[in-house]
Amino acid sequence: MSRGDDQLDFALPAPAAPAVEGVLEGEVIRVTYTSEATGFRVLRVRVAGQAEPETVVGVVPVAPPGSRVRVTGTYVEDSRHGRQFKATTLLVLAPATLAGIERYLGSGLVPGIGPVYAKRIVEKFGERTLEVLDRSPERLREVPGLGARRIEGIAGAWSEHREIGAIMVFLQAHGASPALAARIHARFGAQAMTVVSKSPYRLALDVWGIGFKTADEIARSVGIPADSPERAQAGVLHVLHELAGRGDVYAEEAALVEQTAAMLECELVAAEQAVAALASTSRIRREVHGEVTAIYAPELYDAEVRTATRLAALVREVEPIPHAARAIAEFERQSGLTLDETQRRAIDAAAQSKVLIVTGGPGTGKTTIVRALLALFDMARIPVALAAPTGRAAKRMSEATGRDAATLHRLLEFEPRRGNFMRHSDRALEVGGLVVDETSMVPIVLADALLGALPDHARLVLVGDVDQLPSVGPGAVLRDVIDSGCVPVVRLSRVFRQGEDSSIIANAHRIHDGIAPLGAVRQGEQFYVFDRQGPEEAIELMRELVTKRIPRAFGLDPRRDVQILTPTQRGAAGAIALNELFQAELNPPSPERAEVCRGNRTLRVGDKVMQLKNDYDKEIFNGDVGQVAGVHAEERTVTVRFDEREVAFAESELDQLGLAYATTVHKSQGSEYPAIVMPLMTQHFIMLSRNLLYTAVTRAKQLVILIVHPRALSLALAEVRRESRKTRLAERLREIAGGQSPKPASASS
């Protein structure tokens, strides 16, 4: 089978047949299969001089019977369906004969025209039929039986069809594959031609799966030269976007200019001029911090400023809750627990301040404090909502408290079609208090939305482990707010008895303090450390542990219960290579397991997969892990089971899924697994740090196995850096709380 980057093969495994490139032109006589969701179609095309029609398959524009098509692609021999022509591009041409025009119109392409009316229209207008529909649809009144309402509907549907066809032809003419053209049209609709011709670099920012290189190639195709100011400005915005994807809220101007010039292979002065031009039109925000000039995307600048301003306002207001001691006593009586002094201080602080941060490692009693706080709020008759950044975290919060907890996006009523939240300052949340768990995962934009929707009278409790890695999105909100010194913070350090017997918790705290973890000395314990000198040795041990020893010793399913975590995506011990290895080990090809292929990547029934981006329509989020439950060749879909729910993915959505036998520590944030296995090699040196190892270990509930090069473990424990992110939230909070006015961002500052 041919496996192209923009075309998928849905089939049972079969040997690949030789592919022959070619071009064909002919009339579509039948559409055997079509998927409106994915754009995949199977067409039968009659080619002049050939006795039998060709079978054309691929993600292509609508091509109804009767239309002529010009198709480029490859001839292949499919094991099930025989000879096929797999389309790379398909251009729909006007029908060449009266019979073709009649079939074209009568195919159901235009609502209101069936075979009967198609015949009447062609009999009336003959070879001028398409010209009449294009330029003088009012003349349809001359056709017997067509009323004014039907004519109006036909004219509108015909115009829309021609518009879509023109867009698809235009996009393909400028280097977009059919699948890519379909994604561009889905994103921009009728504006697709305008965007591609006038602002092609928007594709890299606005269309999932399109990088700057692809957008740059399309830009060249539509005539934008390599030295144009528009290209340089697009490069600046792209680099700024990439840096935000790595967690930075702003970029230092000098570094931004240098990186842009390197990416575009242009002079520094061109990148400098691009930054100045973008600032002059407010497409970026400039702000001077001492000797450093910071460059922000406007939405990140606004989010950071609003977050600091709102938090400072909440902290200034003092509305004590009375009888905190009585609430503590009642909670202890009902729960049978006795709070220690730090936990009592947390309850007192929540009673005195409208904002409180509770931070601590595993086993330090954060959940107990949340339950006690709920008792305090209940006694004060304050209606409280519970929320967390992910569905998994919200579910754990609900299980721990016995109360409903929602994701922050659901709480704020995110509207995926518009890309905004329906809860905001003009339609605030109907709560008197809000408790947010796993706050270390909250990026600056989400923090801004949350604070904007919080009513003025409400209290806010942020709970999280500040020593874990920060959010996947830009910002380090929990860390910055703590560092500001402007918000009351309760730090939990004591490990309570329920955690003292856990070697996972004990070793997590050792790692936090820079002390090497203690490995088990006998079988059946929870934490193991194996020394290996290189990735080859480590991988061989991982293979044995995951496929044999862990299932045998602990009764854990290697696909469902064991998660491999690694510091990096690339390298021999990176997530990409490990996924390929363990897919082959745990779910090898089989005639009984259908699969779908994209390029050199295969998903098959039974595979462990991860969602790679938030999909609010499906209510699945970046980092959610599921299992492929079905691959459906006819429907061109893949079904994935997430927990107890099955979710269907159309062919065009499969870029959202990746193998998940192994994943990076960053991607694992907010998740918990029965067992984790983690290699830590010197090849990972650029990522090695205490908080990365600490975050990985705290993902496990029952079993941790570290396979380490001793030098790599020492480097990780010695590296006390916290992941460096360029943010100014802490400074802004201090400036506002101290009555200073930060220097505003402007084009000229």
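All values derive from a computational prediction rather than experimental measurement. Scope of the values below: all heavy atoms of this structure, side chains included, with no hydrogens, waters or symmetry mates.
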Main-chain N/O of [Y] paired to [X] side chain as donor or acceptor, under 3.5 Å:
X    : Y    : value
R459 : V384 : no
Q563 : Y661 : yes
S440 : Q468 : no
D513 : I515 : no
D340 : Q343 : yes
D467 : N691 : no
T364 : G361 : yes
S398 : A394 : no
S353 : L356 : no
T401 : M397 : yes

For this session: Go through the steps to decide whether R285 and Y250 satisfy the test side-chain contact (heavy atoms from CB on, under 4.5 Å), and finish with yes or no.
Result: CA-CA 9 Å; R285 306 297 294 272; Y250 70 86; over 6 Å; no
For this session: In sequence, state the C-alpha distance, the side-chain angles, and the governing distance for R732 and E287, and then conclude on salt bridge (Lys or Arg N to Asp or Glu O under 4.0 Å).
Result: CA-CA 12 Å; R732 291 188 197 282; E287 190 176 57; 2.6 Å; yes
Would a 4.5 Å heavy-atom cut-off, applied to side chains only, mark [X] and [Y] as touching?
X    : Y    : answer
T663 : V625 : no
V481 : I357 : yes
V461 : F377 : yes
V442 : L450 : no
R371 : L337 : yes
I707 : L680 : no
H512 : R690 : no
H709 : Q533 : yes

Exercise. Only one of V487, V355, D456 clears side-chain contact (heavy atoms from CB on, under 4.5 Å) with L314; which?
Worked result: V355
Exercise. Would R543 and L581 satisfy side-chain contact (heavy atoms from CB on, under 4.5 Å), going step by step from the backbone distance to the final call?
Worked result: CA-CA 9 Å; R543 188 200 311 262; L581 169 67; 3.3 Å; yes
Minimum heavy-atom separation for [X] to [Y], with atom names?
X    : Y    : result
V315 : C486 : CG1-O, 3.3 Å
S484 : A730 : CB-O, 3.7 Å
L411 : L429 : O-CD2, 3.4 Å
T367 : A400 : CG2-CB, 3.5 Å
V529 : F527 : CG2-CE2, 3.8 Å
I736 : A312 : CG2-CB, 3.6 Å

To the nearest 0.5 angstrom, please state how far the [atom1] atom of [X] sits from the [atom2] atom of [Y].
X    : Y    : atom1 : atom2 : value
S671 : M441 : OG    : CE    : 7.0 Å
F642 : D624 : CZ    : CG    : 6.0 Å
E332 : R344 : CD    : CZ    : 4.0 Å
R310 : D448 : CZ    : CG    : 11.0 Å
E544 : I539 : CD    : CD1   : 14.5 Å
I705 : F530 : CD1   : CZ    : 5.5 Å

Exercise. When the ring planes of H409 and F421 are compared, do they come out parallel, tilted or perpendicular, using 30° and 60° as the limits?
Worked result: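 Judged by the thresholds at 30° and 60°, the geometry between H409 and F421 is tilted.
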For this session: Give the ring-plane orientation class for Y296 versus Y301, where under 30° counts as parallel, over 60° as perpendicular and anything between as tilted.
Result: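 Rings of Y296 and Y301: perpendicular, as their planes differ by over 60°.
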Exercise. Can you list the steps and then say if R725 with D480 is a salt bridge (Lys or Arg N to Asp or Glu O under 4.0 Å)?
Worked result: CA-CA 10 Å; R725 292 194 167 187; D480 287 349; over 6 Å; no
For this session: Take E735 and R728 through the salt bridge (Lys or Arg N to Asp or Glu O under 4.0 Å) test and state the conclusion after the steps.
Result: CA-CA 10 Å; E735 290 166 351; R728 289 205 72 244; 3.0 Å; yes
Exercise. Does atom CG of D557 have more than 12 heavy-atom neighbours, drawn from other residues, nucleotides or ligands, at distances under 6.0 Å?
Worked result: yes
For this session: Output, in order, the C-alpha distance, side-chain angles, deciding distance and verdict of side-chain contact (heavy atoms from CB on, under 4.5 Å) for I576 and R570.
Result: CA-CA 6 Å; I576 294 172; R570 304 195 178 276; 3.5 Å; yes
For this session: Begin with the C-alpha distance, continue with both residues' side-chain angles, and end with the deciding distance and a verdict on side-chain contact (heavy atoms from CB on, under 4.5 Å) for L412 and L446.
Result: CA-CA 10 Å; L412 298 174; L446 186 53; 4.2 Å; yes
Exercise. Under a 4.0 Å N-O cut-off, is there an ion pair linking K366 with D465?
Worked result: no
For this session: Using a strict cut-off of less than 4.0 Å between a Lys/Arg side-chain nitrogen and an Asp/Glu carboxylate oxygen, indicate whether E252 and K726 qualify as a salt bridge.
Result: yes
Exercise. Does one side chain, of Q526 or Q702, offer a donor that lies under 3.5 Å from an acceptor on the other?
Worked result: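 Q702 and Q526 do not have a side-chain donor-acceptor pair below 3.5 Å.
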Problem set entry | side-chain hydrogen bond (donor to acceptor under 3.5 Å, both in side chains) between T682 and R711, worked out | CA-CA 7 Å; T682 53; R711 175 65 178 154; over 6 Å; no
